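Written out below as structure tokens is the structure these notes cover.
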Amino acid sequence: VCIHRVRSCSSIRFIKSKYVCVFDKSALKFSHQQRLFRTSAVSCGQIVQFKLSDIGEGITEVTVKEWYVKEGDSVSQFDSICEVQSDKASVTITSRYDGIIRKLHYNLDEIAFVGKPLVDIEIDASKGVAPEEDVVETPPMSHEEHTHQEIKGHKTLATPAVRRLAMENNIKLSEVVGTGKDNRILKEDILNYLAKQTGAILPPSPKAEIVPPLPKSETVPAAPKDKAHRIPVPVSRPIVFSGKDKTEPITGFHKAMVKTMSAALKIPHFGYCDEIDLTQLVQLREELKPVAQIRGVKLSFMPFFIKAASLGLLQYPILNASLDESCQNVTYKASHNIGVAMDTEQGLIVPNVKNVQVCSVLEIASELNRLQSLGSAGQLGTNDLTGGTFTLSNIGTIGGTYTKPVILPPEVAIGALGKIQVLPRFNGKGEVFKAQIMNVSWSADHRIIDGATMARFSNLWKSYLENPASMLLDLK
Amino acid sequence: MVLQPLLKNCLPLSGILRTPKAGFRSTTSGDLIIQSTSNDVYQNLAVEDWIHDHMNLENRRVLFLWRNSPAVVIGRHQNPWQECNLRLLRQKNIKLARRRSGGGTVYHDLGNINLTFFTNRKKYERMENLKLVVKALKALRPQLDVHVTDRYDILLDRRYKISGTAAKLGRTTAYHHCTLLCNADKFVLSSVLKSPYKGLKSNATPSVPASVKNLFEEDPSLTCEMLLDAIAEEYATQHQIDHHITLINPADETVLPGIRNKTKELQTWEWVYGKTPKFSVSTCFSMVYKESVLDVKVDMDVKHGRIEVCKIYLPEQWLPPALCSELVKSLTGSKFCPDETTKLATTLLRVCPQDEELHSRWNLLCENVIMLM
């Protein structure tokens, strides 16, 4: 079963005895033996010195700027090996052979010479040594011309375009049945071979031409009106998934977040949720939006939520406090620096609006605009990102109703706002009306905050938002 | 002649017919002149990549004409920290791009035109292309004193550089592209191409600074459109094809399948910054804190744009040593990027002892370290 793979290798006996020494007979039964056997077959391959080919313009030396491979990597013909530079020209050097890289002749930034060896490649012995001249691979020749290809002793007739199509799809021409004259392999033969393998319609590549439809027997029988059934369903084919797991180290900002979140979960959290009727606020904002626009400010709901929270914190300052590490002291922070969770490419950041207790709603809105544009440009400063005392997260802009937010140390409370939904509710007269409902989920540090305090703060915040006019009474 | 004013700044000029792409890939098999309808540097660089990777250039040559809104373009193997003022770029919202060809750093804006000559690998000939450009300029304005140097620059009046060149060679195809200064903002150009970063040591390709001048300064009647058309006309004549420019929209996935991914790749941090050859930063700075001045020394090794090794030397006990080592540990492996470092430093502060004095010292140190990036 294994022997046919090494038929061109002269040292069969040597390998066989080596194999027997290393493994016991029971190993012969397992499928992985084939892989191991093949590895030892490859070690008797030929080492070819791949020389740096002519760059043009009479250039004799270049600088090696980047290696795309390292010793031990396997490469295929046309894979990129390295990038060299010569006098403002950057050149990608690609491999002429299939094989394994055994030696890199230059380090980075060293000068490489045209005509001298660049890398040593160990070629699979059964394939033999490729010719020195460049193999023509993107032929523009007409379809009348064709080239022969020697593969494992068989002559395979195929036009250059067909050979290219096979190569692009990693197909060995020797495995395709040719239906043309003299068993020539035609384009249809390649496409049929591919169709049988994947059982689906091939996506067109930029150079390929239109794909012929699949043979009728493979399409799922369906109502002719139903367009969705044009794509045939693969029927009992072995599903081949060649994806690999990818492991990356956690660095920088993510590493810092890991630390913060681990510390956060040491805080005993309790949650408190409620529903807010924002019908009046929605109307108020609609009226105020153009006024704010004239003053150069984009007005969202957040400035109202933030200001209402600050008014609430004036009554319940424990929620704007901080507990020291030893849990011996509570510091009541004078400033209400309310953080607004912001979603960026790298993840969650929380810039804060400073001193909300002395800011008007418009000033808060303006500051939010500034933070948002800096955030999306990746230009927030340290001052914007530090000093927060209380946080609001408007996750509702993405979605969700109730959540379980995590407190950001050294704070002691956080609120997460769900999306605003139009829902039916009863009014004072018992009639059903359309209400704009938003859910809020608070989390607080149970070491210094009790449920009653959280509930009362939430009720106060809720009352300000459900009846915005009441905010006027308490504005400073 | 029917002229289609698809470009915003397109002036109707006789002799050159512009049409939007229709069957661009498969129409004729002769040489082609194409022009981008976009001013986005990433999209236009992506078109170059696309043509290089997907067009069959065995028997066909292509001239690609493009212009970009303000951007700094560094060469394949260059170090952006060495080449330009990244802080200023961020402030002014000027894009930074890394091209795939070699060479030095250039500043692009709408007053600069870019020309890319695509050929098969064997027909790669930069001198010929530049001579074509000079011929076109002289045909347009015979009194212009322009010539090609042996460094492949084009000089005006034997002194001022008006064009720089770079090239990319692949397995079967090659391209040579160059800039041409018509009416670029020289003030912005010189300020963004001056690096403020000190103590950098690297093997990256350095740029060779040159005095530049706009052709517009020599002859105020010249515009970018006129230059583009003159060059296209000369190309058409020399290549014996029609005076016909095909317009290409770099956002059109149907004409250029896969272009969106190429555009995206050119914008990734990993490409723009991560491809910087290994370099080291070794510098000192002074910090003023409450009427005392402190000297800080920083040594960093940066590979693939990430901090491999980080050393910060501070006066003893100015910050608790545990905190210092925490900062250094977090910076190691992190991107050499001001935004990443800001987020990292401010997030770490959350799990530090809550001491205002400590926080202000930490912020001061971090802000200064961030200035190095």
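Keep in mind that this is a model prediction, so the values were computed, not measured. We name chains A, B, ... by the order of the sequence lines, and we start the count at 1 in each one.
Taking every heavy atom of both residues into account, B:Leu169 and A:Ala89 meet most closely at CD1-CB, 3.8 Å. A pairwise comparison of heavy atoms in A:Ala263 and B:Val351 identifies CB-CG1, 3.6 Å as the closest pair.
Proximity to chain A (any heavy atom under 4.5 Å) is shown, for B:Lys122, by neither the backbone nor the side chain. Contact of B:Glu326 with chain A is made through the side chain alone, with heavy-atom distances under 4.5 Å. For A:Thr94, the part lying near chain B is the side chain, with the backbone staying farther off; criterion is any non-hydrogen pair under 4.5 Å. Both the backbone and the side chain of B:Ala166 come within less than 4.5 Å of a heavy atom of chain A. Looking at B:Lys343, both its backbone and its side chain come within 4.5 Å of chain A, counting heavy atoms on both sides. Neither the backbone nor the side chain of A:Ile93 has a heavy atom closer than 4.5 Å to any heavy atom of chain B. With a 4.5 Å cut-off on non-hydrogen atoms, B:Thr341 does not touch chain A at all. Neither the backbone nor the side chain of A:Pro249 comes within contact range of chain B; no heavy atom of the residue lies under 4.5 Å from a heavy atom of that chain. The part of A:Glu325 that comes within reach of chain B is its side chain, from C-beta onward, which places non-hydrogen atoms under 4.5 angstrom from that chain. Contacts of B:Ile370 with chain A are made by side-chain atoms alone, with heavy-atom separations under 4.5 Å and no backbone atom involved. Using a 4.5 Å cut-off between heavy atoms, B:Leu349 contacts chain A through its side chain alone, with no backbone atom that close.
The only option from A:Glu411, A:Lys259, A:Met257 that meets the side chain to side chain contact (heavy atoms under 4.5 Å, CB included) definition with B:Arg350 turns out to be A:Glu411.
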Quiz item: Could you go step by step and tell me if A:Thr251 and B:Arg306 meet the side-chain contact (heavy atoms from CB on, under 4.5 Å) rule?
Solution: CA-CA 10 Å; A:Thr251 59; B:Arg306 284 179 184 269; 3.0 Å; yes
Quiz item: After noting the C-alpha distance and the side-chain angles of A:Thr92 and B:Arg171, does the key distance pass the side-chain hydrogen bond (donor to acceptor under 3.5 Å, both in side chains) rule?
Solution: CA-CA 7 Å; A:Thr92 307; B:Arg171 194 167 50 83; over 6 Å; no
Quiz prompt | Criterion side-chain hydrogen bond (donor to acceptor under 3.5 Å, both in side chains) on B:His359 and A:Thr386, from CA distance to verdict | solution = CA-CA 9 Å; B:His359 281 214; A:Thr386 52; over 6 Å; no
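The residue among B:Thr346, B:Leu57, B:Asn363 with the most heavy atom pairs within less than 4.5 Å of chain A is B:Thr346. The choice from B:Ile307, B:Leu331, B:Thr205, B:Thr332 that makes the most heavy-atom pairs within less than 4.5 Å of chain A is B:Thr205. If you tally non-hydrogen atom pairs under 4.5 Å between each of B:Lys335, B:Lys275, B:Met127 and chain A, the highest count goes to B:Lys275. Among A:Thr382, A:Thr331, A:Thr63, the residue with the largest count of heavy-atom pairs under 4.5 Å with chain B is A:Thr382. Ranked by heavy-atom pairs under 4.5 Å with chain A, the list B:Pro353, B:Gly104, B:Cys366, B:Gly75 is led by B:Pro353. Most heavy-atom pairs under 4.5 Å with chain B, from the set A:Thr344, A:Asp109, A:Asp324: that is A:Asp109.
For B:Glu356, the CD atom sits in a loose shell: 12 or fewer heavy atoms of surrounding residues, nucleotides or ligands are nearer than 6.0 Å. Summarising the local packing, CG of A:Leu108 is surrounded by more than 12 heavy atoms from other residues, nucleotides or ligands at distances under 6.0 Å.
Contact check for B:Leu348 versus A:Lys255: no side-chain heavy atoms found under the 4.5 Å cut-off. Contact annotation: the side chain of A:Glu83 approaches that of B:His77 to within less than 4.5 Å [non-hydrogen atoms, C-beta and beyond]. With contacts defined as side-chain heavy-atom distances shorter than 4.5 Å, the pair B:Arg100/A:Ser90 does not qualify. At a threshold of 4.5 Å between non-hydrogen side-chain atoms, the residues A:Leu380 and B:Thr342 do not count as touching. A 4.5 Å side-chain heavy-atom check between A:Asp87 and B:Arg126 finds at least one atom pair inside the cut-off. You'll find the side chain of A:Lys65 stays beyond 4.5 Å of the side chain of B:Arg76, heavy atoms only.
To the nearest 0.5 angstrom, A:His254 atom NE2 is 13.5 Å from B:Ser330 atom OG. For the atom pair CE (A:Met261) and OG1 (B:Thr347), the distance works out to 8.5 Å, reported to the nearest 0.5 Å.
Side-chain atoms of B:Glu340 come within 3.5 Å of backbone N or O of A:Phe253 as a donor-acceptor pair. For the pair A:Lys88 (side chain) and B:Arg151 (backbone), a donor-acceptor distance under 3.5 Å is present. The backbone N or O of A:Pro410 sits nowhere less than 3.5 Å from a side-chain atom of B:Gln354 that would complete a donor-acceptor pair.
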